[in-house]
Amino acid sequence: MTALSLQIPPSLKFTDEEFEQIVAFNQELRLELTAEGKLIIMSPTGGETGNRNFEIYIDLGVWNRKNKLGKAFDSSTGFKLPNGATRSPDASWIKIERWDALTPQQRKKYLPLCPDFAVELVSESDDVEDTRKKMLEYIENGLRLGWLINPKDKLVEIYRIGKEVEILDSPDSLSGEDVLIGFSLDLEVIFG
């Protein structure tokens, strides 16, 4: 099953509070809202994708706990992007200075910013082109480094602000570069 999108007439554009209520009443669903007002209903992942996501969380979480340079988030975290979309990357991270600048109330809701780093892991139910568009949306909204990981084809697309997308075929690992300094993701566990 692929993600479904529900077209919402522009006159019915949701406020942040209304979207939060829709999510609260549909907790069994993973929902995103595009800048154009489309409600995206994401299907649950299968076991392989869920395990791959977990492996990414572990590595990012251990690195983050050790270095204390920011805050890491799982796929349940919503980010209210500057363009108005509410997105939930598979894994993400923001610098501690940006977290500290948020009010306690902002921290409890969808974070009103774009992450500094995001990972999108292409699952069997994902459309690769839609995922690429999402990565470009992150870049347009301030993402500094992003990885689109496609385990089926063993490809990684690296998104950097102000640069062309770099495509790697069967890399062994990925570097956090100057965004996640010292972070490296071993792709053996992801690619299998």
- Message: What's the separation between atom CH2 in Trp147 and atom CD1 in Ile190, rounded to the nearest 0.5 Å?
- Response: 10.0 Å
- Message: Do Val62 and Leu69 land in one hydrophobic cluster if side-chain heavy atoms of ILVMFWY residues count as linked below 4.5 Å?
- Response: no
- Give the C-alpha distance, both sets of side-chain angles, the deciding distance and a yes or no for side chain to side chain contact (heavy atoms under 4.5 Å, CB included) between Leu60 and Leu185. CA-CA 8 Å; Leu60 182 60; Leu185 178 65; over 6 Å; no
- Query: Do Ile58 and Ile149 sit in the same hydrophobic cluster, where Ile, Leu, Val, Met, Phe, Trp and Tyr count as joined when their side-chain heavy atoms come under 4.5 Å apart?
  - Reply: no
- Task: Keeping the roles fixed (side chain from Ser88, backbone from Thr77), state whether a donor-acceptor pair exists under 3.5 Å.
- Result: yes
- Can you tell me if Asp126 uses its side chain to pair, donor with acceptor, with the backbone of Ser123 under 3.5 Å? yes
- Message: Does Glu188, at its CD atom, have more than 12 non-hydrogen atoms belonging to other residues, nucleotides or ligands within less than 6.0 Å?
- Response: no
- Query: Are Leu113 and Val119 joined in one hydrophobic group, where the rule is that I, L, V, M, F, W and Y side chains link up if heavy atoms are under 4.5 Å apart?
  - Reply: no
- Sorted by chain and residue number, the side-chain hydrogen bond (donor to acceptor under 3.5 Å, both in side chains) partners of Tyr110 (sequence neighbours excluded) come out as none
- Message: Tell me whether Asp153 contacts the main-chain N or O of Leu155 through its side chain, where contact means a donor paired with an acceptor under 3.5 Å.
- Response: no
- Hydrophobic cluster membership, Val165 vs Leu148, 4.5 Å side-chain cutoff: yes
- Query: Hey, any chance Val179 and Met135 share a hydrophobic cluster, counting ILVMFWY side chains that come within less than 4.5 Å of each other, even indirectly?
  - Reply: no
- Counterpart residues, side chain to side chain contact (heavy atoms under 4.5 Å, CB included), relative to Leu31 (two or more places apart): Phe19, Ile22, Val23, Asn26, Leu29, Leu39, Ile41
- Query: With Asn64, which residues qualify under side chain to side chain contact (heavy atoms under 4.5 Å, CB included), at least two apart?
  - Reply: Ala72, Trp93
- Message: If you count heavy atoms of other groups shown closer than 6.0 angstrom to CG of Asp172, is the number above 12?
- Response: no
- Apply side chain to side chain contact (heavy atoms under 4.5 Å, CB included) to Gln106 and list each qualifying residue two or more places apart in sequence or on a separate chain. Leu102, Thr103, Pro112
- Among side-chain atoms of Asn83 and Glu140, is any donor-acceptor pair under 3.5 angstrom? no
- Message: Nearest 0.5 Å, please: how far is CD in Glu32 from CG in Leu81?
- Response: 9.0 Å
- Side-chain donor or acceptor of Arg87 paired with backbone N/O of Phe79 under 3.5 Å: no
- Rounded to the nearest 0.5 Å, what separation is found between the OG atom of Ser184 and the CG atom of Asp186? 7.0 Å
- Item | Asp90 side chain to Leu121 backbone, donor-acceptor under 3.5 Å | yes
- Item | Ser173 vs Leu187 side-chain heavy atoms within contact, under 4.5 Å | no
- Message: Between Lys95 and Trp99 (side chain of the first, backbone of the second, donor and acceptor by atom type, cut-off under 3.5 Å), is there such a pair?
- Response: no
- Members other than Ile181 in its cluster, when Ile, Leu, Val, Met, Phe, Trp, Tyr link by side-chain heavy atoms under 4.5 Å? none
- Where the side chain of Arg98 meets the backbone of Cys114, is there a donor-acceptor pair that is under 3.5 Å apart? yes
- Message: Taking CD in Glu48 as the centre, count heavy atoms belonging to other residues, nucleotides or ligands within less than 6.0 Å. Is the count above 12?
- Response: no
- Item | Rounded distance [0.5 Å steps], OG1 in Thr131 versus CD in Glu137 | 12.0 Å
- Apply side chain to side chain contact (heavy atoms under 4.5 Å, CB included) to the pair Leu111 and Lys80, showing each step before the final yes or no. CA-CA 6 Å; Leu111 299 177; Lys80 180 74 173 176; over 6 Å; no
- Message: Main chain of Gly47, side chain of Asn51: is a donor-acceptor contact present, judged purely on distance under 3.5 Å?
- Response: no
- Within a strict 4.5 Å, meaning less than it, do heavy atoms of the Pro89 and Ser75 side chains meet? no
- Arg160 vs Glu166, salt bridge (charged side-chain N to carboxylate O under 4.0 Å, His left out): CA-CA, chis, key distance, verdict: CA-CA 9 Å; Arg160 300 174 184 97; Glu166 181 180 1; 2.9 Å; yes
- Note on the structure: Rounded to the nearest 0.5 Å, the CG atom of Leu136 sits from the OH atom of Tyr159 at a distance of 5.0 Å
- Message: For a 4.5 angstrom cut-off between non-hydrogen side-chain atoms, does Leu174 reach Ile158?
- Response: yes
- Task: Establish, from distance only, whether the side-chain atoms of Glu55 and Tyr57 form a donor-acceptor pair under 3.5 Å.
- Result: no
- Message: Using 30° and 60° as the class boundaries, would you call the ring planes of Phe117 and Phe183 parallel, tilted or perpendicular?
- Response: perpendicular
- Query: Can we say Asp169 and Lys154 salt-bridge, meaning some charged N sits less than 4.0 Å from an Asp/Glu carboxylate O?
  - Reply: no
- Query: Roughly how far, to the nearest 0.5 Å, is the CG atom of Leu145 from the NZ atom of Lys163?
  - Reply: 10.0 Å
- Query: Is the number of heavy atoms from other residues, nucleotides or ligands within 6.0 Å of CD (Glu164) greater than 12?
  - Reply: no
- Qualifying residues under side chain to side chain contact (heavy atoms under 4.5 Å, CB included), relative to Glu129, sequence neighbours excluded: Asp127, Arg132
